Amino acid sequence: MTYRCLLQMVLLLCLSTTALCRSYSLLRFQQGLSLEVCQTLPWQLPSTPQHCLEARMDFQVPEEMMQEQQFRKEDAVLVMYEMLQHIFNILTRDFSSTGWSDTIIEHLLEELYGQMNHTTILHLQKYYFNLRQYLKSKEYNRCAWTVVQMQLLRNFSFLKSLTGYLRD
């Protein structure tokens with residue numbers, strides 16, 4: 001895949017979206033539409049056999065991802081960015097063992113990158129590092145990707161809740 005070209009296009013989209021977001025209501029609207037797409041796309045990927053349930057792991061989801069009400073609007077935007085950035089990085093790994101569609105993954109990456117802004121949060125970095133390390137330790141096999149796919153769906157659900165929390 002041509003990630004370099006994709007990255008440049010998405011950066012342009014990201015910058016234009018950020019420039020247009022002058023209010024939290026507009027940001028909530030833009031993020032909401034994109035997150036709907038992001039939540040739908042992983043379900044279009046082929047599922048994996050039942051034996052992959054043995055590959056599950058507790059990634060120790062940060063407490064921040066459980067309670068969106070604890071964030072101020074400004075912090076919520078930063079958390080959203082951090083999560084989207086890490087999900088994007090995970091999906092650029094070798095998923096060839098999964099049989100997943102390059103087209104769906106590219107579409108998902110475009111949506112994710114279009115939502116990103118900028119900053120970092122340590123707990124989230126550790127969580128996503130653990131996800132990447134897990135994939136690597138399992139040599140990016142299909143079961144590992146299934147486990148991570150479920151984590152990402154959980155992330156998108158939280159992001160949708162957090163996006164709904166943004167009000168002017």
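Predicted model, so just to flag it, every value in this text is computed and none were measured. Residue indices begin at 1 and follow the sequence shown.
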**Student:** If we ignore hydrogens and angles and just use 3.5 Å, is the side chain of Gln149 paired with the main-chain N or O of Pro42 as donor and acceptor?
**Tutor:**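 It does hold such a pair.
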**Student:** What heavy-atom pair brings Met57 and Tyr134 nearest, and what distance separates the two atoms?
**Tutor:**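 So the two residues come closest at SD-CD1, 3.2 Å.
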**Student:** Counting C-beta onward and ignoring hydrogens, is there a side-chain heavy-atom pair between Leu135 and Val147 closer than 4.5 Å?
**Tutor:**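 The answer is no, as the side chains (C-beta and beyond) never meet within the 4.5 Å cut-off.
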**Student:** What distance do Leu41 atom CG and Glu106 atom CD have between them, rounded to the nearest 0.5 Å?
**Tutor:**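 It comes to 12.0 Å.
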**Student:** Working to the nearest 0.5 angstrom, can you tell me the gap between Thr92 OG1 and Ile87 CD1?
**Tutor:**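 Going from OG1 on Thr92 over to CD1 on Ile87, the span is 12.0 Å.
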**Student:** If you round to the nearest 0.5 Å, how far is SG of Cys143 from CZ of Arg56?
**Tutor:**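 Rounded to the nearest 0.5 Å, the CZ-SG separation comes out at 11.5 Å.
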**Student:** Checking Tyr127 against Gln151 for the side chain to side chain donor-acceptor pair (under 3.5 Å) test, could you report, in this order, the C-alpha distance in whole Å, the side-chain angles of both residues, the deciding distance, and whether it holds?
**Tutor:** CA-CA 11 Å; Tyr127 168 72; Gln151 288 292 309; 2.6 Å; yes
**Student:** What's the separation between atom OG in Ser34 and atom CG in Leu84, rounded to the nearest 0.5 Å?
**Tutor:**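 Reported value, rounded in 0.5 Å steps: 8.0 Å.
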**Student:** So how far is it from Phe88 CZ to Cys38 SG, rounded to the nearest 0.5 Å?
**Tutor:**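 The CZ atom of Phe88 sits 11.0 Å away from the SG atom of Cys38.
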**Student:** Would you find a donor on one side and an acceptor on the other, under 3.5 Å apart, between the side chain of Arg93 and the backbone of Ile90?
**Tutor:**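 Not at all, since once roles are kept as given, no pair shorter than 3.5 Å links the two residues.
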**Student:** Does the side chain of Gln44 come within less than 4.5 Å of Ser101's, by heavy atoms?
**Tutor:**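 Side chain of Ser101 against side chain of Gln44, heavy atoms only: no contact under 4.5 Å found.
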**Student:** Given His107 and Val37, is the side-chain contact (heavy atoms from CB on, under 4.5 Å) satisfied, shown in steps?
**Tutor:** CA-CA 9 Å; His107 187 188; Val37 173; 3.9 Å; yes
**Student:** For Lys160, check side-chain hydrogen bond (donor to acceptor under 3.5 Å, both in side chains) against everything at least two apart and list the hits.
**Tutor:**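 Once residues adjacent in sequence are excluded, the partners of Lys160 under the side-chain hydrogen bond (donor to acceptor under 3.5 Å, both in side chains) criterion are Glu36.
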**Student:** Testing Leu152, Asn155, Leu112 for side-chain contact (heavy atoms from CB on, under 4.5 Å) with Met83, which one passes?
**Tutor:**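 Result for side-chain contact (heavy atoms from CB on, under 4.5 Å) with Met83: Asn155.
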**Student:** For Ala144 and Lys138, which heavy atoms make the closest approach, and how far apart are they?
**Tutor:**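 Looks like CB-CB, 3.5 Å.
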**Student:** Does the side chain of Thr98 come within less than 4.5 Å of Tyr140's, by heavy atoms?
**Tutor:**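 Answer no - side chains too far apart.
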**Student:** Apply side-chain hydrogen bond (donor to acceptor under 3.5 Å, both in side chains) to Arg132 and list each qualifying residue two or more places apart in sequence or on a separate chain.
**Tutor:**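 If we apply the side-chain hydrogen bond (donor to acceptor under 3.5 Å, both in side chains) test to Arg132, skipping adjacent residues, the hits are His86.
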**Student:** Could you measure the distance from the CZ atom of Phe59 to the CD atom of Gln133? Nearest 0.5 Å is fine.
**Tutor:**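 Rounded to the nearest 0.5 Å, the CZ-CD separation comes out at 11.0 Å.
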**Student:** Is the closest side-chain heavy-atom distance between Leu108 and Phe156 below 4.5 Å?
**Tutor:**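 Yes. Closest side-chain heavy atoms under 4.5 Å.
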**Student:** What I'd like to find out is whether the side chain of Ser97 reaches to under 4.5 Å of the side chain of Trp145, using heavy atoms alone.
**Tutor:**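 Counting from C-beta outward, Ser97 and Trp145 do come under 4.5 Å.
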